[in-house]
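Quick one: this structure, given as structure tokens, is what I'll be asking you about.
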Amino acid sequence: MKYIVENNQILDDIFNKALSGPILFKNKSLLFPQYTPENILFRNEQIIRLGYLCSSLLKGQKSSNLFIYGKPGTGKTAVTKLVLSKLKEKGKEVNSDLYISNINCRSAGTEYRVTAALARDINIDIPFTGLASKEVFTRFEKKLLKDKIPFLIVLDEIDALISRYGDDLLYGLTRINEKDPEIQLMIIGISNDVRFKEYMDPRVLSSLGEEEMIFKPYTPKELENILYDRIKSAFIPNSISSATVSLCAAISGSEHGDARKALDLLRVAGETAEREGRTQVLTQDIKNSQGLIDQNRIVEIIRSLPAHSKMVLTSILKHPPTTSRLKTMHIYALYTQYADEYLGWHLTARRFSSLVHELSILGLIDRKIENFGRKGGRVTTILLESPEKNIRKVLCEEEIFEDIFNI
DNA sequence: TTTCCACCGGAAAATGAGGTCC
DNA sequence: GGACCTCATTTTCCGGTGGAAA
């Protein structure tokens, strides 16, 4: 009971402080990646070219397909979103029928879901499962051939679709265009990875890559200007010094000119300053926010892991301390013991090996294949990448893992 | 040079839960 | 109601791997 009173008191204090304390942000939402600015700096050339290509659809004419690529945070999605919204507006203004579909292939997940989303965007009712992919595509194609309304399809993170499912869907889409001269179907593929083109059929590639657009990383100077532009509307005046902005731009510029990262750093630094009751963001806040972003990312990753992956991590932490790297066979022995006792069953060694692989991709562990010759064979060894204390703290949010650590 | 260890990891199949269609 | 579908997860199978030992 005492704890409930204490918790309520703490939360009450936090909320009161937030309401009565100094305000640093004017409009924090402008610093989130979801926000698309009306005026995208240093991307005029791309906006003009994309706008020009899309304008053919307004006139009911065929347009070239386009392939856009560039590193994350270089403005690909923002520019596309801006041009699409203006195109939609203009279409309404001049009473021009136009279908527009903007799908993130990674979020959609599967080929079926991408096809279903396309079909839904031209008003076909598609169940989330139960139909064959081919059937969904056939319905989509029929409707498109019947309506003969220009259709602009944007497939963001197209590499996620191609690498997993091949280019059948893209081939099908480019074929529709060739089937009927009255069909105006424009496809824009967006990717972070230019190498994905290697997996594509040359016929699809020649059709999709009629036009190409490259988004170069922002330079530190450009990043600075972008930050100043956003600070004007997101923060109260005089809250951020030029040294703070330069540091933020330099950190983001040193990676790959990622504007998203620069805005993230600024937002987290601002939140820290506001929490401490300050109306000034300091250079130290920017330095601290870098570590804070990484830490938060790790916490979120661990929280979202399935139970068996958490059990693998727990087994790594429970292994007696050694000076050398841990061998997966020893961790598997511990894992089977804990999983049987606390989850009721354990996964096979093959599946366990995949979970270890996934944990290394997520950056939680460092995985290395070592060879110990005829005596020891080929073995995967692992090492924790993040501080043990942090991982343990997140795992202990769940009772069963806390119990294991308390043994 | 060959053998062998102790796995790795790709591919295919199985499973079970969601669904549609006729 | 049975045939057939997707999808995520897991299992099964089996060839591949690289370096120490024979």
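Hydrogens, waters and symmetry mates play no part in the numbers below; they use all other heavy atoms, side chains included. The sequence lines fix the lettering, A, B, ..., with proteins before strands; numbering per chain opens at 1.
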Exercise for review: Could you tell me the separation between the CD atom of E135(A) and the P atom of dG19(B), rounded to a whole number of Å?
Suggested key: 19 Å

**Study point:** Separation of atom CD in E370(A) from atom C1' in dA20(C), rounded to whole Å
**Key:** 14 Å

Practice item. Take the protein atom OH of Y112(A) and the nucleotide atom C1' of dT20(B), then report the distance between them rounded to whole Å. Key: 8 Å

Exercise for review: Mind calculating the distance between CD1 (I126(A)) and C1' (dG18(B)) to the nearest angstrom?
Suggested key: 17 Å

Study note, to complete from the structure: Atom CG of D125(A) and atom P of dG19(B) are separated, to the nearest Å, by 14 Å

Point to revise | dA8(C) OP1/OP2 closer than 4.0 Å to side-chain N/O of R113(A) | key: yes

Check your understanding: How far apart are the C-alpha atoms of Y69(A) and F215(A), what are their side-chain angles, what is the distance that settles it, and do they pass the ring pair (Phe, Tyr, Trp, His ring centres under 6.0 Å) test?
Key -> CA-CA 6 Å; Y69(A) 63 91; F215(A) 281 64; 9.5 Å; no

Check your understanding: For the side chain of S353(A), counting heavy atoms from C-beta on, which of dT11(C), dG18(C), dC8(B) is nearest?
Key -> dC8(B)

Practice item. State which of dT20(B), dT11(C), dG9(B) makes the closest approach to the side chain of L131(A). Key: dT20(B)

**Study point:** Under-4.0 Å side-chain N/O to phosphate OP1/OP2 contact, T328(A) with dC8(B)
**Key:** yes

**Study point:** I369(A) CD1 - dG16(C) P separation (whole Å)
**Key:** 16 Å

Exercise for review: Ignoring backbone atoms, establish whether T110(A) has a side-chain N or O less than 4.0 Å from OP1 or OP2 of dC7(C).
Suggested key: yes

Check your understanding: The side chain of R378(A) lies closest to which of these nucleotides: dT12(C), dT6(C), dT17(C)?
Key -> dT17(C)

Practice item. Figure out the CD/P separation between E111(A) and dT6(C), and round it to whole Å. Key: 10 Å

Review point. Between E271(A) and K28(A), is there a side-chain N and carboxylate O pair less than 4.0 Å apart?
Key: yes

Practice item. Classify the angle between the aromatic ring planes of Y335(A) and F352(A) as parallel (below 30°), tilted (30 to 60°) or perpendicular (above 60°). Key: tilted

Review point. Which pair of heavy atoms, one from S252(A) and one from L265(A), lies closest together, and at what distance?
Key: OG-CD1, 3.8 Å

**Study point:** Of the listed nucleotides dT11(C), dT6(C), dG18(C), the one nearest the side chain of N371(A)
**Key:** dG18(C)

Review point. For the pair made of CZ in R139(A) and C1' in dC5(C), what is the distance, rounded to whole Å?
Key: 12 Å

Exercise for review: Give one of base, sugar-phosphate or nothing for S133(A), where a contact means two heavy atoms less than 4.0 Å apart.
Suggested key: sugar-phosphate

Study note, to complete from the structure: What one should report as the nearest heavy-atom pair of A78(A) and T36(A) is O-CG2, 3.6 Å

Review point. Taking the side chain of R351(A) as its heavy atoms from C-beta onward, which of dT10(C), dC8(B), dT12(C) lies nearest to it?
Key: dT10(C)

Revision key, fill the gap. Against the side chain of T380(A), the closest entry in dT20(B), dC13(C), dC8(B) is dC8(B)

